[in-house]
Amino acid sequence: MATFRLFDLNDAQQRAVRSTEGPLLILAGAGTGKTRVITARVAYLITQGADPSHILAVTFTNKAATEMRERLARILDADAASKVTMSTFHALCLRILRANIDRLGYKNNFSIYDEGDQLGLIRKIITRTSARDERLDPNLAKNLISKAKNNSWKPPENEDTLLGAVFARYQSELKNLNAVDFDDLLALAVRLLNEHPDVRDRWRDRFRYLMVDEFQDTNKLQLELVTLLADERRNVAVVGDDDQSIYGWRGAEVSNILEFEHHFPNPTIVTLEQNYRSTNAILGTASALIGNNPRRRAKKLWSASEGGEKVRLIEAPNDREEAQFVTEEIQRKNFADGDAWENFAVLFRMNAQSRLLEENLRRLNIPYRIVGGKSFFDRREIKDLLAYMNLLVNPEDDASLLRIINTPARGLSAPMVARALEWSVQHKCSLWRALGDREFLAEVSARTASSIRAFVEMVGDYETKLAEPLSNPAALVTKLIGEIGYAAELRRNCKTAEEAALRESNVGDILRDLSLFLGRSTKGLRGFLDEVALDQEREDEEEEEIKSGVTLITMHAAKGLEFKHVYLIGLEEGLLPHERSKAEGSIDEERRLLYVGITRAMRTLTLSYCRNRTKYGSVASCAPSSFIKELAPELLDQIDLEKMLSAPVGEASAKSRFAQMRAALAG
DNA sequence: AATCGTCTGCTTTTT
DNA sequence: GCAGACGATT
């Protein structure tokens, strides 16, 4: 039975929770207890008699889904909580597709292509398709194709532009490879539900209460999916904040939330405005800024807690001094006030800005963590291993096959692979089929042919064993990487023994993860690969340990997080708002980005900009961001760093001397 | 097949 | 000013 208490919520939150039938729009300003409301509402639905298995809550990230699942488990009994579906859009679509994608002419064991695989395939198609004087940037093509899919545009029938031709071929080739990309997960699920009423009705029957988190970030396809599932019951509760829409460049449509009434007429609308995170100085600054945006749903954040320090605006001579000031002040505050490093975060527009901060933090021996950057799963050895696993599940998966066909080297040279690929295109079959075809083998030398046969036989062997009912995939994969001598391959390819050992232990980590997965799931190797494809967040052991420390993070990645002390650096025209966004006319989104950054702060907020900044290797002078004059002047404390440091006596110089002393002690 | 050098072109990145 | 990609070299 639910143990949550409705009266712990404020009035608006209660209204949101109690509104159980029909469309509901919850406008949840930053820090207004959104996750709490969603979980409370799920619990309330169940106390009102809803079957937990009829409830679906969709989020964007696995992290959010997990957090919600955990919170729900705390206020509901474990059995009921486990029956509620909490899923990302992509995982939900994957589930829908794994059950019935055969209706669209794919096989149910399809592979999921990540952006690397996607890019590889597009590169290949471009070189094969383009005339000599034509050029198309593969990355640009990938982005345009993604945009097209998210808008449900079909590949053009007439291939009269290179891009159109590449798009059409990319799509048909993916299908031949029995693979789908991230966009396809959404697009094909929508198509499946649209074209097959029986499938649609099954899912509609399954999910009778829908909740969507971060609704401002949904794109066209995601809205369509929600609409398709909602049916005439229209039990759709969406939660979001138009002011925090910062993913327009990835296809998110703010209009989904701005025009919610258009998509779901006569909704209940609840606005959450009481903020439990920040001081009124911070909230006032945020409100003043965001008030400059034209198209938005009015809301006024307020906090019950009084006072709070003014927001500081620092003018630094250059980016070096800016970084030095921020890091030394963090050190000083940590020492003077005993604030743990975890309470501090430095937010910026571009990842490149983290470098100077890193250098300074390292110099001062301050622990830090950089959020974002290269993923564990981008590592060579992990991609290789996953490619082998993918191949065992779906041998027609050319991208995986190409990745490992000669890794470790087994006499299957690049020219031979190119010929095989050509042959496979001519015969409209997969690379795997080509390698197993007598006709093709007759075209290559006897030695090459025997190498190919050995490889095909080995993979086929494992594939057969894997398909046996009582097979142990983890043991099989372990045996496979032993048989191919992958450890030796790593040692051969790494400069140092330590690097090889690290990579080897990464391989071990994945194999251990696989065993753990198989222990808790019945979905086998295929299920493991699905989970990995859709959750790239996980970190390895070492990184896990450095979870503590000062956080360096982009404003985009900071959405949803909060920190006691926030430093927002580089508030310069051209950086924030970014030059490119200005050119594209998305200033409003840049303003929202700054708004998101500001509202991360709980107690203190420090903004800074530089008069000069090193850009692309040379120093350029810069103007303060045009957003600065939109902030509330009465809540702002303006400080010129140079003047402050040259002041003969007073607090500032005492602090600076103190910082030097600390630095000496730390060094 | 691997490595070296030159060229290019610079955001943000939930899945 | 640097990383990533690609072509020329051994």
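Chain letters run A, B, ... following the sequence lines, proteins first, then strands; residues in each count from 1. Atom set for the values below is all heavy atoms of this structure, side chains included, hydrogens, waters and symmetry mates excluded.
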**OP:** Taking atom P in both C:dA5 and B:dT12, compute the distance separating them and give it to the nearest angstrom.
**Re:** 16 Å

Original post:
What does A:T614 touch in the nucleic acid at a heavy-atom separation under 4.0 angstrom: a base, only the sugar-phosphate, or nothing?
Top reply: nothing

**OP:** Only counting residues at least two apart or in another chain, list the ones meeting salt bridge (Lys or Arg N to Asp or Glu O under 4.0 Å) with A:D241.
**Re:** A:K299

Original post:
What residues form a side-chain hydrogen bond (donor to acceptor under 3.5 Å, both in side chains) with A:T88, not counting sequence neighbours?
Top reply: none

Atom pairs under 3.5 Å: protein N/O with N/O of nucleotides 3-10 of chain B:
| from | atom 1 | to | atom 2 | distance (Å) |
| --- | --- | --- | --- | --- |
| B:dC10 | O5' | A:R580 | NH1 | 3.1 |

**OP:** Please list, chain by chain and in numerical order, all residues satisfying salt bridge (Lys or Arg N to Asp or Glu O under 4.0 Å) with A:K124, sequence neighbours excluded.
**Re:** A:E173

Original post:
Excluding sequence neighbours, so at least two apart, what forms side-chain contact (heavy atoms from CB on, under 4.5 Å) with A:R611?
Top reply: A:E315, A:P317, A:D640, A:E642

**OP:** Could you state the atom-to-atom distance from NZ of A:K559 to P of B:dT15 in whole Å?
**Re:** 12 Å

Original post:
Which whole number of Å gives the distance between the P atom of C:dG4 and that of B:dT13?
Top reply: 15 Å

**OP:** Rounded off to whole Å, could you give me the CD-to-P distance for the A:E489 and B:dA1 pair?
**Re:** 13 Å

**OP:** Using the six-membered ring for Trp and the full ring for Phe, Tyr or His, decide whether A:H556 stacks on the six-membered base ring of B:dT12 (centres under 5.5 Å, planes under 30°).
**Re:** no

**OP:** Inspect the contact between A:R362 and A:E358 and indicate whether a charged nitrogen and a carboxylate oxygen are less than 4.0 angstrom apart.
**Re:** yes

Original post:
Does anyone know the first and last nucleotide of DNA chain C in reach of chain A, 5' to 3', at under 4.0 angstrom to a heavy atom?
Top reply: C:dG1 to C:dC6

**OP:** Please report, rounded to the nearest Å, how far the C1' atom of B:dT14 is from the CG atom of A:D535.
**Re:** 11 Å

Subject >> Protein-nucleotide distance (A:E67, atom CD; B:dT14, atom C1'), rounded to Å >> reply: 14 Å

Subject >> Contact nearer the 5' end of DNA chain B, comparing A:A557 with A:L412 >> reply: A:L412

**OP:** Could you tell me whether the phosphate oxygens of B:dT15, OP1 or OP2, come under 4.0 Å of any side-chain nitrogen or oxygen in A:N62?
**Re:** yes

Original post:
Reckon A:E579 touches a base, only the sugar-phosphate, or nothing at all at heavy-atom distances under 4.0 Å?
Top reply: nothing

**OP:** Tell me, please, which residues at least two apart from A:L119 pass side-chain contact (heavy atoms from CB on, under 4.5 Å).
**Re:** A:R123, A:P138, A:N139, A:K142

Original post:
Can you list the residues that meet the salt bridge (Lys or Arg N to Asp or Glu O under 4.0 Å) rule with A:E253, with sequence neighbours excluded?
Top reply: none

**OP:** Kindly state whether the pair A:Y247 / B:dT12 counts as stacked, where counting means centroids closer than 5.5 Å and planes tilted less than 30° apart.
**Re:** no

Subject >> Atom-pair distance (CG on A:D183; P on B:dT13), nearest Å >> reply: 18 Å

**OP:** Nearest whole angstrom, please: distance from the C1' of B:dT15 to the CD of A:Q118.
**Re:** 11 Å

Subject >> A:K582 and A:E590 ion-paired at < 4.0 Å >> reply: no

Subject >> A:T61 side-chain proximity, nearest of B:dT12, B:dT15, B:dA1 >> reply: B:dT15

Original post:
Rounded to the nearest Å, what distance is computed from the CD atom of residue A:E214 to the P atom of nucleotide B:dT13?
Top reply: 15 Å

**OP:** Please name all residues satisfying side-chain contact (heavy atoms from CB on, under 4.5 Å) with A:A230, sequence neighbours left out, ordered by chain then number.
**Re:** A:L210, A:V236, A:F264

Subject >> Under 3.5 Å side-chain donor-acceptor pair for A:S451 and A:T448 >> reply: no

Subject >> All ring pair (Phe, Tyr, Trp, His ring centres under 6.0 Å) counterparts of A:Y567, not counting sequence neighbours >> reply: none

Subject >> Short side-chain N/O contact from A:T59 to OP1 or OP2 of B:dT14, under 4.0 Å >> reply: no

**OP:** Could you check A:D181, A:D183, A:N151 and say which one makes a side chain to side chain donor-acceptor pair (under 3.5 Å) with A:S146?
**Re:** A:D183

Original post:
Which whole-number value in Å describes the distance from A:H578 NE2 to B:dT13 P?
Top reply: 12 Å

**OP:** Based on the glycosidic angle (syn within 90° of 0, else anti), state the conformation of B:dT12.
**Re:** anti

Subject >> Strand-adjacent residues in residues 582-594 of chain A, judged by heavy atoms under 4.0 Å from DNA chain C >> reply: none

Subject >> Nearest-nucleotide comparison on DNA chain B, the residue closer to the 5′ end among A:T88 and A:S581 >> reply: A:S581

Subject >> Residues which pass salt bridge (Lys or Arg N to Asp or Glu O under 4.0 Å) with A:K34, listed by chain and number, not counting sequence neighbours >> reply: A:D213, A:E214

